[in-house]
There are 2 protein chains.
Amino acid sequence: SFFIASIQSGDYVGFTFFIGSMAMMAATVFFFFQTTQVEGKWRDSMLVAGLITFIAAVHYFYMRDFWAETGTSPTELRYIDWILTVPLMCVEFFLILRAVGATQSLLWKLIFYSLLMLVAGYIGEAVDRDNSILWGTISTIGYVGILYEAWFGSARKLAENSNDPKLLGAIKALGWFVFAGWAIYPIGYMTIPGGFLDGLLAPESLDLFYNIGDAINKIGFGLVIYALAISKSDKVN
Amino acid sequence: SFFIASIQSGDYVGFTFFIGSMAMMAATVFFFFQTTQVEGKWRDSMLVAGLITFIAAVHYFYMRDFWAETGTSPTELRYIDWILTVPLMCVEFFLILRAVGATQSLLWKLIFYSLLMLVAGYIGEAVDRDNSILWGTISTIGYVGILYEAWFGSARKLAENSNDPKLLGAIKALGWFVFAGWAIYPIGYMTIPGGFLDGLLAPESLDLFYNIGDAINKIGFGLVIYALAISKSDKVN
Ligand SMILES: CC1=C(/C=C/C(C)=C/C=C/C(C)=C/C=O)C(C)(C)CCC1
Ligand SMILES: CC1=C(/C=C/C(C)=C/C=C/C(C)=C/C=O)C(C)(C)CCC1
């Protein structure tokens, strides 16, 4: 079977594809299960957390095999995954702030920024590599937009005005994920030939960075929200 | 494995088949889960919304692979999908109006129109392309029938007489889906060689249009009904 060949000793990128796929699957089961453990309005948050890792799990199985067979980056699958999961992460953000007054305009703003970030990133990686620095810069505008919302914009203000230290703590934690966790991706992107880190890191480190980033961000984001939801549900019961 | 070939850089139709399949799967999990969150009579609505995306998810996996292997339109699979899902969307319409007095005759009228629309459309696309304009016109009669029901006919009147602004709002939103979202399909159809948009758009844009239309309509329709169901269930709980 073609599966047997897929892990070779020393193929660290392959390792992370493999670990990623199983970690996403396990996280999915965990988050879906928690929908029955948390109180009312937190259920949707846990459900969306599970949908994010579920979508990623399926894509990781495909990406793992793509990598095993071709030894090249599954760029298309990667961006197909992100185009679904990053907007869902914006939904996560919105859902936990809805109760303290977040409007849909916040959600659309975040989704707009993430689409800008991803579409420009894809063009830079796959369509117009010669101008990958230009596209990376455009993409970074979207990234900075999300970062701004999470740290200083209306999302942060809503949390600060909520008088709810748990909620504020969760928004702060998510802000750190967006700052430190998401920064892993542009660093990986800079290893593209011609990029700022070209030569410093092997080309295949791109996928290593992206895989580590995905595991931290998709699962970590969900766990932060899970911790918030559980602490809130305790209060009620 | 045959999968590897399926996504090539720049194959945007392939992208939308791929994104469509995962989006439909995730939406299915979401809608099925919501059957446990909404109140009594709304459960069937969420279940049907999930069945629509479930049927579509399976067909999208097949269509995705068909496209990847042949590079041609999976016309048969497309109409097989629609012949199941469009009548189920009529059921959705009927279900939310049942409580305010919709009779089965409304349901059968809508189903009749949609079968006329789809059978004529299939003949025009696959059996008798030489007369695709004639068949498209016949198909449009069915489409206009549904449109009329949603905007001016008994469906709209029932909602208006219900004195229920939320229900009326949902019926209006679904009306917009049928008007603007469903119009994507005949536009795609007109890109068929010999059609009104032939030459203006590349032939493969047919599938691009259909894929975007399906994602908007199948998931969007369900989300409108979900929003209605949740707002109604809050009231009760
Ligand atoms: C800024 C920037 C990028 C940012 C990508 C990010 C931030 C992706 C986040 C993905 C997540 C959070 C997925 C996990 O679910 C790109 C596209 C690499 C292109 C270079 C510039
Ligand atoms: C009017 C018209 C058409 C309309 C198709 C429609 C309106 C399909 C809707 C499908 C949906 C809503 C599926 C989503 O679940 C055809 C057949 C392309 C043929 C040309 C004329």
Side-chain angles (χ1 to χ4, degrees), chain A residues 1-3 5-6 28 31-33 35-36 40-44 46-85 87-88 91 98 104 118-119 122-123 125-129, chain B residues 1-39 46 50 53-54 57-58 60-61 64-65 67-68 173 211-212 215 219-220 222-224 226-227 229-231 233-237:
Chain A
S1 112
F2 79 121
F3 174 74
S6 34
T28 304
F31 291 135
F32 281 170
F33 177 84
T35 59
T36 68
K41 73 174 173 108
W42 298 102
R43 294 205 176 131
D44 279 350
M46 297 322 304
L47 180 60
V48 175
L51 290 177
I52 291 168
T53 52
F54 172 59
I55 292 170
V58 175
H59 290 135
Y60 264 80
F61 281 107
Y62 288 129
M63 289 198 280
R64 191 188 74 188
D65 291 348
F66 185 98
W67 173 263
E69 293 210 18
T70 70
T72 64
S73 288
T75 310
E76 277 63 39
L77 286 162
R78 180 77 72 185
Y79 278 87
I80 286 170
D81 180 72
W82 287 350
I83 212 107
L84 288 167
T85 52
L88 281 175
V91 171
R98 196 172 44 174
Q104 289 215 356
L118 296 173
V119 171
Y122 177 72
I123 297 175
E125 252 185 76
V127 183
D128 187 20
R129 272 215 175 196
Chain B
S1 114
F2 78 119
F3 172 75
I4 298 302
S6 38
I7 276 288
Q8 239 113 51
S9 166
D11 171 12
Y12 299 109
V13 174
F15 280 17
T16 55
F17 273 120
F18 218 108
I19 294 173
S21 65
M22 275 312 297
M24 297 292 178
M25 253 176 82
T28 304
V29 174
F30 181 82
F31 291 134
F32 282 170
F33 176 84
Q34 296 299 344
T35 58
T36 68
Q37 298 300 99
V38 300
E39 186 241 336
M46 296 322 305
T53 51
F54 174 61
V58 176
Y60 264 79
F61 281 106
R64 191 187 75 186
D65 291 346
W67 172 263
N211 290 352
I212 292 169
I219 301 175
L223 286 177
V224 167
Y226 159 70
I230 281 288
S231 75
S233 305
D234 278 351
K235 233 189 207 157
V236 170
N237 296 335

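Every chain is numbered from 1 and lettered A, B, ... according to where its sequence line falls, protein lines coming before strand lines.
Rounding to the nearest 0.5 angstrom, the gap separating the CG atom in D11(B) from the CD atom in E76(A) is 9.0 Å. Here the NZ-CD1 distance, from K41(A) to I230(B), works out to 13.5 Å after rounding to the nearest 0.5 Å. Distance check: Q37(B) CD to L47(A) CG gives 8.0 Å after rounding to the nearest 0.5 Å. Once rounded to the nearest 0.5 Å, the distance linking CG of D81(A) with CZ of F18(B) reads 10.0 Å.
Contact annotation: the side chain of V58(A) approaches that of M22(B) to within less than 4.5 Å [non-hydrogen atoms, C-beta and beyond]. Counting heavy atoms from C-beta on, the side chains of D44(A) and Q34(B) come closer than 4.5 Å. Contact check for M46(A) versus F33(B): no side-chain heavy atoms found under the 4.5 Å cut-off.
Here Y12(B) pairs with F15(B) under the ring pair (Phe, Tyr, Trp, His ring centres under 6.0 Å) rule; sequence neighbours left out.
Sparse packing is recorded around CZ of F54(B), with 12 or fewer heavy atoms of other residues, nucleotides or ligands lying under 6.0 Å away.
Nearest approach of A26(B) to L51(A), heavy atoms of both residues: O-CD2, 3.5 Å.
Chain B forms the most heavy-atom pairs under 4.5 Å with one residue out of V127(A), I55(A), T75(A), and that residue is I55(A).
Contact of Y122(A) with chain B is made through the side chain alone, with heavy-atom distances under 4.5 Å. Interface remark: I83(A) contributes side-chain atoms only to the contact with chain B (heavy atom separation under 4.5 Å).
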